[in-house]
Amino acid sequence: AIAQAIAELRPSFGATGPLFLAKDTHALSEPAWATALSVFAAHGIEVRVEADGDYTPTPLVSLAILEHNARQEAKADGVLLTPSHNPPEDGGFKYNPPTGGPANARITRAIEERANALLQEGLKGVKRLPLREALARAKPFDYAGLYVEKVAEAVDLEAIRASGLRIGVDPLGGASLRVWERLAESHGLPLEVVNPTLDPTFRFMPKDHDGKIRMDCSSPYAMAGLLALKDRFDLAIGNDPDADRHGIVTPRGLMNPNHYLAAALHHLYTTRSWPGAKVGKTAVTSALLDRVAQALGREVYETPVGFKHFVAGLLEGWLGFAGEESAGASFLRFDGRPFSTDKDGILMGLLAAELMAKRGQAPAALYEALAETLGRPYYARKDLPVSPEAKARLARLSTKEVHPATLAGEPVLQVLDRATGNGEPLGGIKVVAANAWFAVRPSGTEDVAKVYAESFLGEAHLERVLEEATALLHKALA
């Protein structure tokens, strides 16, 4: 139903050229990929797939779309069958329009409404070809070859090659495996893939904090295998199954995603020109990024949660870098053109190696220097169980209903229900003081309220911020 909806609607999204179709290593991705291909082929769409049926990371699809659309009149789009870092039994269907990045709310809503209508009709309107015929019509495309060739336009691979660094990579059983192998081979990079296992059950994965298997490269539980090898390498990199997230390990251990984003931001804007380019961050990403940007004389563009809010800025070049606290980010090429308008965990891993090669210090050491100069952040997130009705009320909260005068002893500077960058609704509330902030928003997938908080005045102060945030949430939802 989703594939049929996309086939019908893609011309209205500006896509009349080829469709780049990809899958990750989850078990459900393969049959979903086959079904999608049979539907798209039935509509006469030119579908481009990996030549050998191999797996494809999310950022490679984004790059393929951007490269095609920069040269061709008939614009391309893409579909990825992936549930990202989620457990082995999960499945997911991602659509990237001709902008190359995640679809915006308007496009998502249109696909959702049409797919639901098709389901209600018993799928009567769905066209399909036999898989054998659909495969015969599909055009082979070397996604990894394009990425391996073009990534030198965004990262200094020569500096990495000449550095003598010992780099370890763990794809966590994901689609980035072949890409890392080809990067090492083609560019002579000093990296070793420490776990080449591909198994759709992911039974080799250590269990996450809640006992589930989850390929979350920002989790010390999921990254336990790579952490055990940290002393063998100067730098180690992990990716989730579709490689839109990154995990950075130094001899000090796994970096907090916010800490690495701050170090990456500082390195990028001191080694690239990108005149006037702003810094993109979500409302719940560390305020250390604001302080780094201010020190560099760069404007911050803050948005609600969701990488879709950064796509236009990266595509048009007025965002040099965009990142979110869940270990997803991307940035421009050296010349200011977009490289990937979706999250790119491979690119961010290579950037960590470039940073280390050019500065002679690990990303964790650069973060420490920034924290010493600009303030050390203490960050936490809590999930509080709430009813579906309370979730709906939380999403509608406005500054008229929430207006505290102080936050953990400091005057409140801002109470926000819309993002300061693009003016879009936060779907919750953010309260900001000089040295602390908190935000509350409903989860999109569970009956919980997410409470984010940060303090630059220590852990005890952070606890006060969390307590006041929780109290305010209960009062607002009473």
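Count residues from 1 along the sequence.
Paired with Lys358 under the rule side chain to side chain donor-acceptor pair (under 3.5 Å), one option of Asp156, Thr270, Thr271 passes, and it is Asp156. Just one residue in the list Thr58, Asn96, Thr99 forms a side chain to side chain donor-acceptor pair (under 3.5 Å) with Asp342, and that residue is Asn96.
Of the N and O atoms on the side chains of Ser218 and Asp216, at least one donor lies less than 3.5 Å from an acceptor on the other residue. Between the side chains of Arg441 and Tyr452, at least one donor N or O sits under 3.5 Å from an acceptor N or O. Inspection of the Ser29 and Thr82 side chains reveals no N or O donor paired with an N or O acceptor under 3.5 Å.
For the pair Leu472/Pro404, a side-chain contact is recorded, criterion being any heavy-atom separation below 4.5 Å from C-beta on. Between Pro87 and Ile213, every side-chain heavy-atom pair lies at or beyond the 4.5 Å cut-off. For the pair Ser163 and Met356, the minimum side-chain heavy-atom distance is 4.5 Å or more. Side-chain contact between His246 and Leu351: absent, with no pair of heavy atoms (C-beta onward) separated by less than 4.5 Å. Lys343 places none of its side-chain heavy atoms less than 4.5 Å from the side chain of Met348. With contacts defined as side-chain heavy-atom distances shorter than 4.5 Å, the pair Lys230/Met223 does not qualify. Residues Ile346 and Val151 are not in side-chain contact: their nearest non-hydrogen atoms beyond the backbone lie 4.5 Å or more apart. Using a 4.5 Å heavy-atom threshold, the side chains of Val284 and Lys450 count as separate.
Atom CD of Glu424 sits in a crowded spot, with more than 12 heavy atoms from other residues, nucleotides or ligands closer than 6.0 Å. More than 12 heavy atoms of other residues, nucleotides or ligands sit less than 6.0 Å from atom CZ of Phe334.
Remark: Ala287 pairs with Asp290, Trp437, Glu454, Phe456 by the side-chain contact (heavy atoms from CB on, under 4.5 Å) rule, at least two apart or across chains.
Judged by the 6.0 Å and 45° rule, Lys23 forms a cation-pi pair with Tyr55.
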Mind listing the side-chain donor-acceptor pairs of residues 306-323 below 3.5 Å, one per line with the distance, residues two or more places apart or on another chain?
from, atom 1, to, atom 2, distance (Å)
His309, ND1, Asn422, ND2, 3.3
Glu316, OE1, Trp318, NE1, 2.8

Does the pair Leu172 and Asp240 meet the rule for a side chain to side chain contact (heavy atoms under 4.5 Å, CB included), with working shown?
CA-CA 6 Å; Leu172 298 184; Asp240 66 334; 5.5 Å; no

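For the pair Arg337 and Asp335, the salt-bridge criterion is met [side-chain N within less than 4.0 Å of a carboxylate O].
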